[in-house]
Each structure stands twice: as C-alpha cells, then as structure tokens.
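Structure, as structure tokens:
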Amino acid sequence: MKIPAEWLDAAQTFVIGLTPGAIGSAVGLAHEKGLSWAERFTQLAAGTVVSWFVARALGATVDLNPFVLQGVNFTAGMIAYKSTPRFIAAAADVAGGLPAALRDRFLPRKDPK
C-alpha cells in the first residue's frame, strides 16, 4: 500500500508547525521536578496546542516573518505548559458553580413562610 504524496506533505507540514511549541514545552518541562509521566504528557500536549493556536492567531493578524512566528510559538510553548494546571483548576471551579448560578438566575426563589 502506497501512501499518497499529498498525505505525506500534509503530515510533514503538520509536524513542522507543532515542533517549535513542542520544543518550548519540553524545555520548560525539563526544569520541573516531581511530575508523573501523565502530568508531563498532559502539560507537553497543552503547551504544544496552545502555542500552535497563539502562533496561528498572531500570524493571521500581524504580518510577521515565519522565523519570528516560530520564536513566538517556542515561547508560548514554554509559558503555556506552566499555566495549564491553574487553567484547569479555574475552569473546574467555574464549571462546578455554573449549575447553581444558572438556577439562581432563571428559576424563581420560593419564599419560606
């Protein structure tokens, strides 16, 4: 079975786009001690994904040299892995309080008499 050349080119472009952010995340993770492999993988994946979106958004709004965008991608990867646990905790707090907030907003309160 032969893989079409277009698929190989698309896969290569995808990997090249993720590489600077992944390296940035890995550099940041190299200085973290006491993390499990699952925590390391989660933070590496989060740093890579966040940095990819940051670089794409910046590249779409500002005309920068591709080398500069790779530097931004690398830096975002280093920063994003560190903020992942705090973001998850904050999102969990918001999600946990959402049902009560919706209930208080849309359902009338009954006055105990």
Side-chain angles (χ1 to χ4, degrees):
M1 179 178 160
K2 187 174 179 181
I3 299 174
E6 298 86 28
W7 291 10
L8 293 174
D9 289 342
Q12 180 182 15
T13 302
F14 179 73
V15 169
I16 288 171
L18 291 180
T19 300
I23 293 172
S25 293
V27 167
L29 280 172
H31 299 287
E32 290 293 317
K33 304 294 183 222
L35 296 177
S36 69
W37 283 105
E39 291 169 330
R40 288 184 185 277
F41 177 76
T42 301
Q43 290 187 346
L44 178 70
T48 302
V49 170
V50 168
S51 67
W52 187 82
F53 279 106
V54 166
R56 295 296 165 220
L58 186 62
T61 56
V62 180
D63 186 27
L64 294 174
N65 184 306
F67 184 73
V68 173
L69 279 176
Q70 288 179 359
V72 168
N73 204 349
F74 177 84
T75 304
M78 286 181 59
I79 295 168
Y81 93 92
K82 192 75 167 170
S83 63
T84 302
R86 284 176 278 183
F87 175 77
I88 291 171
D93 288 343
V94 169
L98 193 58
L102 290 173
R103 181 194 65 223
D104 293 343
R105 171 86 171 120
F106 294 109
L107 297 175
R109 291 187 179 208
K110 296 178 183 178
D111 290 328
K113 293 184 179 182

Does a sphere of radius 6.0 Å around CG in L107 hold more than 12 heavy atoms from other residues, nucleotides or ligands, not counting ones at 6.0 Å or beyond?
yes
Are F14 and V49 connected into the same hydrophobic cluster when the rule is that any two of I, L, V, M, F, W, Y join if their side-chain heavy atoms are below 4.5 Å apart?
yes
If every non-hydrogen atom of P99 is compared with every non-hydrogen atom of A95, which pair is closest and at what distance?
CD-O, 3.4 Å
Answer with yes or no whether the hydrophobic clustering places V62 together with L69; edges join I, L, V, M, F, W, Y residues whose side-chain heavy atoms lie under 4.5 Å apart.
yes
Roughly how far, to the nearest 0.5 Å, is the OG1 atom of T13 from the CG atom of L18?
11.0 Å
Shortest non-hydrogen contact from Q70 to P20?
O-CB, 3.7 Å
I16 and Q12: side chain to side chain contact (heavy atoms under 4.5 Å, CB included), yes or no, with the steps?
CA-CA 6 Å; I16 288 171; Q12 180 182 15; 3.7 Å; yes
Value for CG (L35) from CG (L44), rounded to nearest 0.5 Å, stands at 11.5 Å
What one should report as the nearest heavy-atom pair of N73 and W52 is OD1-N, 3.6 Å
On a heavy-atom basis, which atom in S51 and which in G21 lie closest, and how many Å separate them?
OG-CA, 3.1 Å
Residue pair R40 / K33: nearest heavy atoms and the distance that separates them:
NH2-CA, 4.4 Å
